[in-house]
Amino acid sequence: MTEKVEASLPDKEKNMSEWYTEILERGEVVDIRYGVKGFIVYRPFGMEIMKNIIKLYEEELEKTGHRPFLFPVVIPERNLRKEKEHIKGFEGEVFWIEKGGHTPLEERLALRPTSETAIYPLYSLWLKSYRDLPFKAYQTVTVYRYETKATRPLLRGREFLWIETHNVYTTGEEARAQTREDAEIFWEVTYKKLGIPFLHIRREEYDKFPGAVETYAFDTLMPDGRVLQIGTTHYLGTNFTKVFDVIIHDEKGDQRHPHSTCFGIGLSRILASILLVHGDEYGMVLPFEIAPLQVVIIPIYKTGFDNEAIDKYCIEIRNKLMEEGVKVVFDNTEKSPGEKYYYYDMRGVPFRIEIGPREYQNNTVTVFRRDVRKRETIDKKELLNYIREKSRDILETLRKRAEERLANAIIEVRTKEELMKYVKEDRRRIFKVYFCGREDCAKEIKNELGGYETRGIPTDEEDKRGKCIWCGSEDAHIAYLAKAY
RNA sequence: GGGUCCGUGGUCUAGCUUGGUAGGAUGCUGGCCUUGGGAGCCAGUGGUCCCCGGUUCAAAUCCGGGCGGACCCA
């Protein structure tokens, strides 16, 4: 039976902002009171989740041949300016260091907004032969962008955490194949392990990463109907290897510029997505694998009963779970059971075990599952298998729920009239339309549809052709329109 | 980018219009009692009223500037 108890939080769909602000604070995820706009503090619980998320992506990257490295946070101005499109795209949002102590620096230093221009000068020293390729590396770091739009904790900050890969290949074909591997890596973790579904999109020409030849993005859906870009991967061609003089000898002994890619995994936004997509009115709901606390054991004492025996019974179970590598806590603090339930619900603990006289006497345990909010009493001996099995169930349930919401948000529209009709409705959607790909057309759409913008082309339908829903021109491709963060 | 609102113990908040004692709730600490969805009672603890400047005998309160935050619209 599903428990009907008083909710802790406002309704996520109706009032996402308030829900989100509250869960960040009450769940001790981040602290927004640092006092510098766009900069936040990860509190221990939030950072524990983050570290678990990072580990999943890093493992997948290393499995596919990426090696870790770490570059400085500062980039000399002359390097940042080398690639023309790149600097044009980032110039307005770079933080500059201009002084060391009281002395003005001879050359200003940028806090990296992304690391291409930090990394490529070294690539020109490291990579000399086709034998040095492919070169696949990543770093997990913070980057800095002076955002002028409203900042929001984790969703849009002036400092944010990400993983960036920077790969180099002899040929363009190999490099393009890397963008597809990036998509697989992203799928493997984001969808399969975190239960977050997303759209795989090729961005329009005018929406590309500054300096890229092709940009692919991963957009997920927020409870308020807006989409959020949580990752991007770019084919950079030889744009960066040229300006940074990365030159290799190929098999024939000819000198050439290798091709490169980069892949950004938006860790801050992924954490936000996990909270927003899976959470409910009682707090976070975390997939078992990334939960800092996976099981909590709560004793129910009774006056006149042998409460020490209940303690012993709980400790025995805790120790057994610990031996199996489960992150478990036995909470025998003096708070009432109800208060503890609310506390651990808020923190998304996947399983709660309640043990009182009844369980003690019957050699059973009562297990509460956070995602579906159901209790079940089982034999003590079955506990470990139960948790193993149901933790997979939790992930399935969360993923299925999220996937349905994403699928339900998307609607194919063929005519402008139809589009206008849907836009006027209360509900936000992701429209799938034919679109010509021209920037002025995109601007008109954004202006006249009250903020709905072109998000790009679904990668599994790049070949389809039709008439642009806006200007009517032929040879338009399929594109998504959505409101975005 | 445009607009609206806000900043007071750890947290939430009253007080601000009409200048003069910082009040409450919650948390925290100790004690008693209790424990199957946020219990209760008693005692204690905790505040540069966001910052800088101005007006004034006197500023949380009025004025100017700054910093930070929330929400709505584009």
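From a predicted model like this one, the values you see are computed outputs, not experimental measurements. Chain A is the first sequence line, chain B the second, and so forth, proteins listed ahead of strands; every chain is numbered from 1.
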Problem - Side chains of A:E359 and A:Y313, donor plus acceptor under 3.5 Å - result: no
Exercise for the section: Spell out yes or no: do the side chain of A:E354 and the base of B:rG37 have one donor N/O and one acceptor N/O closer than 3.5 Å? Expected result: no
Handout entry: Distance, C1' atom - from B:rG3 to B:rU61, rounded to whole angstrom
Key = 26 Å
Exercise for the section: Scan A:G38 against the nucleic acid and name what it touches under 4.0 Å (heavy atoms): base, sugar-phosphate only, or nothing. Expected result: sugar-phosphate
Handout entry: Side-chain donor/acceptor of A:R375 to base of B:rG36, under 3.5 Å
Key = no
Exercise for the section: Take atom CD1 of A:I23 and atom P of B:rU11, then tell me their distance rounded to the nearest Å. Expected result: 20 Å
Handout entry: B:rU4 pairs with, by Watson-Crick or G-U criteria that keep both distances under 3.5 Å
Key = B:rA70
Exercise for the section: Give the intermediate values and the outcome of ring-ring contact (aromatic ring centres under 6.0 Å, His included) for residues A:Y434 and A:H477. Expected result: CA-CA 5 Å; A:Y434 279 106; A:H477 50 254; 8.7 Å; no
Practice task
With C1' as the reference atom in both, quote the distance from B:rU55 to B:rU13 in angstrom, rounded to an integer.
Solution key: 29 Å
Practice task
Give one of base, sugar-phosphate or nothing for A:P357, where a contact means two heavy atoms less than 4.0 Å apart.
Solution key: base
Handout entry: With A:E18, the side chain to side chain contact (heavy atoms under 4.5 Å, CB included) member among A:E22, A:K14, A:M16
Key = A:E22
Handout entry: Flag for A:T142-A:Y144: side-chain donor and acceptor within less than 3.5 Å
Key = yes
Problem - Length of the line joining A:L449:CG and B:rC73:P, which is rounded to integer Å - result: 16 Å
Handout entry: Integer angstrom distance from the P of B:rA39 to that of B:rG27
Key = 9 Å
Practice task
Using only heavy-atom distances, decide whether a donor-acceptor pair under 3.5 angstrom links the side-chain of A:R152 to the base of B:rG69.
Solution key: no
Fill in the blank from the handout: Against the side chain of A:E334, the closest entry in B:rU34, B:rG69, B:rG38 is B:rU34
Fill in the blank from the handout: Here the distance between atom C1' of B:rG36 and atom CD of A:E339, to the nearest Å, is 15 Å
Exercise for the section: Please state how far atom OH in A:Y343 lies from atom C1' in B:rG37, giving the value in whole angstrom units. Expected result: 17 Å
Problem - Same-atom distance (P) from B:rU48 to B:rC16, integer angstrom - result: 23 Å
Problem - Side-chain N or O of A:T21 closer than 4.0 Å to phosphate OP1/OP2 of B:rA70 - result: no
Practice task
Measure the distance from OH on A:Y341 to C1' on B:rG38 and round it to the nearest whole Å.
Solution key: 12 Å
Practice task
Sort out the partner of B:rU17 for me: Watson-Crick or G-U wobble, both distances under 3.5 Å, none otherwise.
Solution key: none
Problem - Base paired to B:rG47 (Watson-Crick or G-U; both N/O distances under 3.5 angstrom) - result: none
Exercise for the section: Please step through side-chain hydrogen bond (donor to acceptor under 3.5 Å, both in side chains) for the pair A:S115 and A:E164, ending with a clear verdict. Expected result: CA-CA 8 Å; A:S115 301; A:E164 48 180 327; 2.6 Å; yes
Handout entry: Side chain of A:E359 - closest among B:rC72, B:rU35, B:rG36
Key = B:rG36
Problem - Under 4.0 angstrom between A:T148 side-chain N/O and B:rG1 OP1 or OP2 - result: yes
Practice task
Using Watson-Crick or G-U wobble geometry with both distances below 3.5 Å, tell me the partner of B:rA58, or none.
Solution key: none
Practice task
Take the protein atom NZ of A:K37 and the nucleotide atom P of B:rG7, then report the distance between them rounded to whole Å.
Solution key: 18 Å
Exercise for the section: Sort out the partner of B:rC32 for me: Watson-Crick or G-U wobble, both distances under 3.5 Å, none otherwise. Expected result: B:rG40
Practice task
Considering only atom P, compute the distance from B:rC41 to B:rU34 and round it to an integer number of Å.
Solution key: 16 Å
Handout entry: Nearest-angstrom distance, P atom, B:rC62 to B:rC49
Key = 15 Å
Completion exercise
Atom CG of A:D31 and atom C1' of B:rU11 are separated, to the nearest Å, by 11 Å
Handout entry: Base B:rG68 to side chain A:R158, donor-acceptor N/O within 3.5 Å cut-off
Key = no
Exercise for the section: For A:G451, report the nucleic acid contact type (base, sugar-phosphate, nothing); a contact means any heavy atom under 4.0 Å. Expected result: nothing
Exercise for the section: Could you tell me whether A:D393 and A:R369 make a salt bridge, using a distance below 4.0 angstrom between a side-chain N and a carboxylate O? Expected result: yes
Practice task
Go through the steps for A:R108 and A:E98 under the test salt bridge (Lys or Arg N to Asp or Glu O under 4.0 Å), then give the verdict.
Solution key: CA-CA 5 Å; A:R108 295 197 294 172; A:E98 307 203 324; 3.1 Å; yes
Problem - Between B:rG47 and B:rU8 - C1' atom distance, rounded Å - result: 8 Å
Handout entry: Flag side-chain contact, heavy atom, 4.5 Å: A:I196 against A:H278
Key = yes
Exercise for the section: Select base, sugar-phosphate, or nothing to describe what A:K149 touches, counting heavy atoms under 4.0 Å on all strands. Expected result: nothing
Handout entry: Distance, rounded to the nearest Å, where A:E25 contributes CD and B:rU26 contributes P
Key = 18 Å
Fill in the blank from the handout: Closest to the 5' end of RNA chain B, once A:K446 and A:P153 are matched to their nearest nucleotides, is A:P153
Practice task
Please work out if A:D345 contacts a base, only the sugar-phosphate, or nothing of the nucleic acid, heavy-atom cut-off 4.0 Å.
Solution key: base
Handout entry: Phosphate OP1/OP2 of B:rA39: any A:S336 side-chain N/O under 4.0 Å
Key = yes
Problem - Any A:T303 side-chain N or O less than 4.0 Å from OP1/OP2 of B:rC33 - result: no
Practice task
Return the nucleotide paired to B:rG9: Watson-Crick means purine N1 to pyrimidine N3 with N6-O4 or O6-N4, wobble means G-U with N1-O2 and O6-N3, both under 3.5 Å.
Solution key: none
Handout entry: Distance between P atoms of B:rU56 and B:rG19 (Å, rounded)
Key = 16 Å
